[in-house]
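Accompanying notes for the structure given below.
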Amino acid sequence: MKRVVNFQEQDPSAEEWEFKDTKTENKKRKNGHREKFNATTTKRLDHAEFIKKKEEMAAFRKQLPIYSGREAIINTLQTSDTVIVMGETGSGKTTQIPQYLIEAGLASSEIGSVAVTQPRRVAAVNLAKRVAEETMTRLGSKVGYTVRFDDTSSPQTVIKYLTDGMLLREILSDELLLRYKVIVLDEAHERTLRTDMLFGMVKKIQKIRLERQGQDGILPLKIVIMSATLDAEKFSEFFNNAKILYVSGRLYPVDTMFTVEPQADYLDAALVSIFQIHVNNPKGDILVFLPGQDAIEGLTTLVNEYSTQLRPTQQKLLACPLFAALPPSQQQKVFDPAPENTRKVVLSTNIAETSITIPGIKYVIDCGLAKLRGFNPKIGVESLLLHPISKSSAWQRTGRAGREAAGVCYRLYTEDAFRELEDDTVPEIRRCNLAAAVLSLKASGVENVLEFDYMDRPSRASLVRALEELYALGAIDDHGNLSELGKQMAEFPLDPTYSKVLIQSKEYGCSLEIIAIISLLSVDSVFFTPSDKREQATEARKKFLHPDGDHLTLLNVLKSYWEVKGDIEWCKENFINNRNIKIAMEVRDQLIRFCERIDMDPKSSCGSDTDNVLKCFLTGFFQNTALLQPDGSYKSVAGSQNVKIHPGSAMFGKRVEGILYNELVFTTKHYVRGVSAIQSAWLPLAAPKYFNNVRS
DNA sequence: GAGCACTGC
């Protein structure tokens, strides 16, 4: 290998991002203290031990960087209705501020508790566990968490960590969130669809509670927004110029390097850089950010191949792939320490940017690209395309090099290219189908979703499209009001299309089959296809294939899974992702409970008359259909779009009169996924109103 | 005839 990638350090005179430098130098140092309370056991302590432990815990809390600002934080929270707290994730703000609120009497079991939202389940669970330990209480009493399928909270709970999706559901049954005195929206900078919805909703709730203060014992609501990046001003502006608190953390410095020249081939540049770092730098593992599974698997093979050519006196390199679709057992490998005389290279997607933290990383290589979901409301097509990342995403990646000690980040692009990047990633609410969000807003009492108070307003076209979709499904009436069906649909933890199908399954007498299939469709694919065993995986899948397509194929998978009673070895042999199918079974249990609640029989089955299942799916997916053209291609009914069946589908290469599909995503072509065969004569029966309108 | 970032109820 002769090629070299030349890096240069960040231009020190470049003032415009000097602030970013302080950010990276503010690296936290939490790991040194963590062991102390991780060692806590659940065994009953005698009184003396308890006192000692309590003192230790108090001492631990006092030496957190945030503690020095405790009084100031409490004072601000006492005098302001809304506060923006800015600080790195490790500053302790998420664990300490809720405790300060309780200690200062700003929330309690009498006046209402504290809710702290998180975008991810694991974070909510772990934070609750940690704070329960710090407060020396049993998890689920004073401190608890609520995530899907798992709820430890109780009436005594005064600090509750929950996912943002969970808080949204609580609004459905408690429109003013009266059980809470303070709502903390954490990780606000991530701007997930749900946090964005909550911004507007809690702002509205706060206003109403202030107006009705005193009536029926209603108390005002405090809002705390926590963010790790510099968009604090924007949050403050949205929340009526709320006060901003800056919480400093202790973070390790990360040197940032740019390439001197633009790199035409990021994979090649990554490969060369990995070996340059390996040969020239002291020990410490490498984390490489790449856009997708393909790139990761390709580079993994290359790194391991070239590693054998290193001089015998040199350390070896071991490449570990990491992406969401990887089965858990293989994901686990990135946490194992590298073998003797070996440096670990983790090749990862964005999953390592926020969701998974890998210990031992000293070097980060950032290719500057990511695959981003997009949505075109005019033609109703989703896309998944390669885009340059934003500056904040680049800094997030950089930070991953300095979690335990000083590190280096190598960016595979020039400093000029960096300067051209957008400041922030476009919030999710501006780039996805809003049908589910709009239904949820309507069910929570937001009548006019076009006039709703959004921090970043979605385009009018996108909102109108969502309303039209809900109208076509029968969830809203001619006046734009939620129908009875719509109210029922909003209850289900599903996309509106799926809830419609599920509710309709009563008429088609196939709830058993529909619940099973929807459960499998609402998790990531249960099929796993590693690139090096593609043939075996395809072969294994053949035994499940149903001639009518993916929906009934999934049903076959489930039937076989039940026959072997979920055997883990069977899953491995058949390239079934055990984790995903298990989650699907939890979804199924949950859906069964929801069905029983609205007097549906979850066991009603159509037996061998599987056409009923597909006809039933059409009641929700009539807009996702395509008909075979004389030339053998398929054209979508709703958008006259030429679509191709995805190669991973059971219907790939087949020619049938018509197809229905779960999604249409543009990548390199317009691909439809989750495809089944239908007859065009079924269409008007499934959605008479829609097809009569279309035809006339 | 060819492929899919990440969350969440």
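Letters go in sequence order (proteins before strands), and every chain restarts at 1. Because the structure is a prediction, the values reported are computed rather than measured.
- Side-chain contact check for A:Phe575 versus A:Thr538: every heavy-atom pair is 4.5 Å or farther apart.
- Side-chain atoms of A:Leu177 and A:Leu167, non-hydrogen and from C-beta on, do get closer than 4.5 Å to each other.
- The salt bridge (charged side-chain N to carboxylate O under 4.0 Å, His left out) test applied to A:Asp150 returns no partner, not counting sequence neighbours.
- Classified by interplanar angle (parallel below 30°, tilted 30° to 60°, perpendicular above 60°), the ring pair A:Tyr454/A:Phe452 is perpendicular.
- With sequence neighbours left out, A:Lys203 forms a side-chain hydrogen bond (donor to acceptor under 3.5 Å, both in side chains) with A:Asp453.
- Contacts of A:Arg430 classified as side-chain contact (heavy atoms from CB on, under 4.5 Å), with partners at least two apart in sequence or in another chain: A:Val426, A:Pro427, A:Asp456.
- With a cutoff of under 4.0 Å to any heavy atom of chain A, the contacted region of DNA chain B is bounded 5' to 3' by B:dG1 to B:dC9.
- A:Arg121 comes within contact range of the sugar-phosphate backbone alone, with a heavy-atom separation under 4.0 Å but no base atom that close.
- A:Arg534 comes within 4.0 angstrom of a nucleotide base, judged by non-hydrogen atoms across all strands.
- Heavy atoms of A:Ala324 sit under 4.0 angstrom from primed sugar atoms or phosphate atoms, though from no base atom.
- When heavy atoms are screened at a 4.0 angstrom cut-off, A:Thr349 is found touching the sugar-phosphate backbone but no base atom.
- Using a 4.0 Å heavy-atom cutoff across all strands shown, A:Thr668 reaches sugar-phosphate atoms only and no base atom.
- For A:Lys654, the side-chain contact (heavy atoms from CB on, under 4.5 Å) partners are A:Pro547, A:Met651, not counting sequence neighbours.
- The salt bridge (charged side-chain N to carboxylate O under 4.0 Å, His left out) test applied to A:Lys487 returns A:Glu484, not counting sequence neighbours.
- If you check residues 647-657 of chain A against DNA chain B, the residues with a heavy atom closer than 4.0 Å are A:Pro647, A:Phe652, listed by number.
- Of the two residues near DNA chain B, A:Arg673 and A:Ser522, the one whose nearest nucleotide lies more 5' is A:Arg673.
- Against DNA chain B, the stretch residues 487-495 of chain A makes heavy-atom approaches under 4.0 Å through A:Pro493, A:Leu494.
- Between A:Arg179 and A:Glu170 a salt bridge is recorded (basic side-chain N to carboxylate O distance below 4.0 Å).
- Applying the side-chain contact (heavy atoms from CB on, under 4.5 Å) test to A:Glu469 and every residue at least two apart in sequence or in another chain returns A:Asn433, A:Ala435, A:Arg465, A:Thr497, A:Gln623.
- Note: A:Tyr498 and A:Phe617 have perpendicular aromatic rings, judged against thresholds of 30 and 60 degrees for the angle between ring planes.
- Under the side chain to side chain donor-acceptor pair (under 3.5 Å) criterion, the residue pairs touching residues 588-600 of chain A are A:Arg148-A:Gln590, with sequence neighbours excluded.
- At a threshold of 4.0 angstrom between heavy atoms, the contacts of A:Ile351 are confined to the sugar-phosphate backbone, with no base atom among them.
- Note on A:Arg120: only backbone sugar-phosphate atoms sit closer than 4.0 angstrom, heavy atoms only; bases stay farther off.
- If you check every strand for non-hydrogen atoms under 4.0 Å, A:Lys644 touches nothing.
- Taken residue by residue, residues 581-594 of chain A places no heavy atom nearer than 4.0 Å to DNA chain B.
- Partners of A:Asp164 by side-chain contact (heavy atoms from CB on, under 4.5 Å), not counting sequence neighbours, listed by chain and number: A:Thr117, A:Pro119, A:Thr192, A:Arg194, A:Thr195, A:Leu198.
- Among the atoms of the strands shown, only primed sugar atoms or phosphate atoms (P, OP1, OP2) are found under 4.0 Å from some heavy atom of A:Thr667.
- Taking the six-membered ring where the residue is Trp, A:Phe527 and A:Phe544 present tilted rings, their angle falling between 30° and 60°.
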